[in-house]
Amino acid sequence: MSPTTAIRYYKKAETESTANEKPLKDSLPTVKRLISVQTDTTGPLLSSPEYTLSREELELINVPGNPAVLGKLLPQAAVKKGQTWSPDNQALAQCLGIDAVNSHEVTGVLTDIDDAGLAKITFSGKVSGAIQGVATEIELKARMNVDTQQKMVTWFAASIEEDRAIGHAMPGFTVTAVVRTQIQPTQPIQQLSDANLAKIDLDGASGLKMLSFTGTEAGFRILHDRQWFAMAETAKQTVFRMVADGELLAQANVNRLTNLKPGEQTTLEGFEVEVKKALGERLGQVIDAAQTINSQGLRELRVSAVGTANGMPITWIYYLVSDDQGHRYSAVFTFETKLAEQFGQADRSFMSGFDLIEDAQQPTDANTDETAPEQPALIQAQIEPATTIR
């Protein structure tokens, strides 16, 4: 992990939007407003040094125009008034909040510099790039002020018109975003005092890169790698996709099952039989089966199998998680067998912190014939949907 390059404290971060005619409002909780910024060649990594962010909270603060990378848009050598330059591809990608710039026509121009050394710069042009492997076309119009005496960007404003294609983990969209960033001296605040920061490990755990997910309806919570994206959530089923460099690696379906009576448990042997029955003719062979207790004290059964679906070699990894009160969840990880090395131990990391929400309402009639949860509407992908264990 790269060293921390900046520490921020957000007085307020919130958004209001509408999706499927439903109003949505997200905000950054008070306890998570202290944010560490780590910068390397891949761009800024934002995290909370004390708590784990959710993806919604991360997206609130991970926006274009990040002050940590704005300076990279400046020319490498001195320029005169009216002189132009072309920003570096990587710098432009980091400032726009995308993964890569394939080509661009963006030109920077030094339009003015006053006696106090305040330089005024404009940027304009088109950008062809990618984020999570998805193509995006951007038209940028921006202005920047630079204090040449202090050698720092003091102001940045941009209009970003973006046309992004549909991806494995995100919808396509066309949007015009306006970003404004102002940097100026301020009075010291307690949250950023030396004494307060000395109590916090700013460069420590790789766990800072993890994100949290709370399925309020489904009654569970997890910590997951940033490559996992929640795609759909109902009270019975939550669907995640693992995407790396734009490539769909795996899908995970987490299903809430009907309760057993307190003290009742499914045996590992019985679970393996259910997995074989669920896969049917697609099953090649069961690779392994194991039983353990996870970090939250929940009983965990794990069965992995390989086979074929639609002529494609597929690996399935099934989990059954339960507690002594009879609450049960299954999780099914599905991926093309050729991606096994890239997938690695991602299922174990995903499930290691799986926990139940105590006050969540759970189905209680284990004798009811439970039908498979309704399949959420998903973007088409080259992965066979996982079969549900009842």
Side-chain angles (χ1 to χ4, degrees), residues 2 5-6 37-46 58-59 61-113 118-148 151-183 226-227 229 243-247:
S2 302
T5 56
V37 184
Q38 298 170 341
T39 307
D40 59 18
T41 56
T42 62
L45 172 69
L46 279 63
L58 176 62
E59 291 177 348
I61 57 178
N62 193 22
V63 297
N66 191 318
V69 295
L70 284 177
K72 296 183 179 183
L73 292 177
L74 299 176
Q76 298 299 307
V79 295
K80 297 179 180 180
K81 182 178 177 179
Q83 191 171 350
T84 66
W85 69 93
S86 179
D88 175 74
N89 280 13
Q90 188 179 76
L92 198 55
Q94 293 181 14
C95 292
L96 291 172
I98 61 179
D99 294 336
V101 168
N102 302 321
S103 63
H104 77 85
E105 302 170 357
V106 174
T107 299
V109 183
L110 176 60
T111 59
D112 191 24
I113 183 166
L118 181 66
K120 296 184 178 181
I121 297 168
T122 63
F123 297 94
S124 62
K126 295 183 178 180
V127 177
S128 293
I131 178 168
Q132 290 292 338
V134 177
T136 182
E137 299 293 327
I138 296 173
E139 183 163 352
L140 173 67
K141 297 178 181 178
R143 291 181 292 167
M144 176 189 289
N145 290 352
V146 180
D147 186 333
T148 59
K151 297 182 178 180
M152 63 179 291
V153 176
T154 59
W155 183 78
F156 177 80
S159 171
I160 302 170
E161 296 184 15
E162 181 174 5
D163 185 3
R164 186 179 299 183
I166 295 174
H168 292 305
M170 61 183 72
F173 58 78
T174 300
V175 67
T176 298
V178 177
V179 177
R180 296 186 182 90
T181 301
Q182 184 172 357
I183 303 170
R226 296 191 182 198
Q227 292 180 325
F229 294 80
V243 179
D245 298 325
E247 182 181 10

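Keep in mind the model is a prediction, meaning the values are calculated, not measured.
- The CD atom of Q94 lies 10.5 Å from the CG atom of D99; values are rounded to the nearest 0.5 Å.
- Rounded to the nearest 0.5 angstrom, E139 CD and T176 OG1 are separated by 9.5 Å.
- At least one side-chain heavy atom of T154 sits under 4.5 Å from a side-chain heavy atom of L118.
- Minimum heavy-atom separation, P64 to V179: O-CG1, 3.3 Å.
- L96 has its side chain out of reach of T136: every pair of non-hydrogen atoms, C-beta onward, lies at least 4.5 Å apart.
- In this structure, V153 and M144 have side chains that are in contact, with non-hydrogen atoms separated by less than 4.5 Å.
- Put simply, the side chain of H104 never gets that close to the backbone of A93: no donor and acceptor are under 3.5 Å apart.
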Go through L110 and Q83 one step at a time and tell me if the side chain to side chain contact (heavy atoms under 4.5 Å, CB included) criterion holds. CA-CA 6 Å; L110 176 60; Q83 191 171 350; 5.7 Å; no
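- To the nearest 0.5 angstrom, I160 atom CD1 is 13.0 Å from K141 atom NZ.
- Considering all non-hydrogen atoms of both residues, G108 and F123 come closest at CA-CD2, 3.6 Å.
- Smallest separation of non-hydrogen atoms from P67 and I183: CB-CD1, 3.9 Å.
- Of all non-hydrogen atoms in P44 and V37, the two that sit nearest each other are CB-CG1, 4.1 Å.
- Atom OG in S103 sits 11.5 Å away from atom NZ in K126 (nearest 0.5 Å).
- With values rounded to the nearest 0.5 angstrom, L92 atom CG is found 12.5 Å from K72 atom NZ.
- Atom NZ of residue K151 and atom CG of residue L74 lie 12.0 Å apart, to the nearest 0.5 angstrom.
- When all heavy atoms of N102 and N89 are compared, the closest pair comes out as O-ND2, 4.2 Å.
- Here the side chains of K81 and D112 are in contact, with some heavy-atom distance below 4.5 Å.
- With hydrogens and angles disregarded, a donor-acceptor distance shorter than 3.5 Å links the side chain of T111 to the backbone of K120.
- Looking at V101 and I138, their side chains never come closer than 4.5 Å, going by heavy atoms from C-beta outward.
- In this structure, W155 contributes its side chain and R143 its backbone to no donor-acceptor pair below 3.5 Å.
- Closest approach of T148 and A119 over heavy atoms only: CG2-CB, 4.0 Å.
- Side-chain contact between V134 and R164 is present, with at least one heavy-atom pair separated by less than 4.5 Å.
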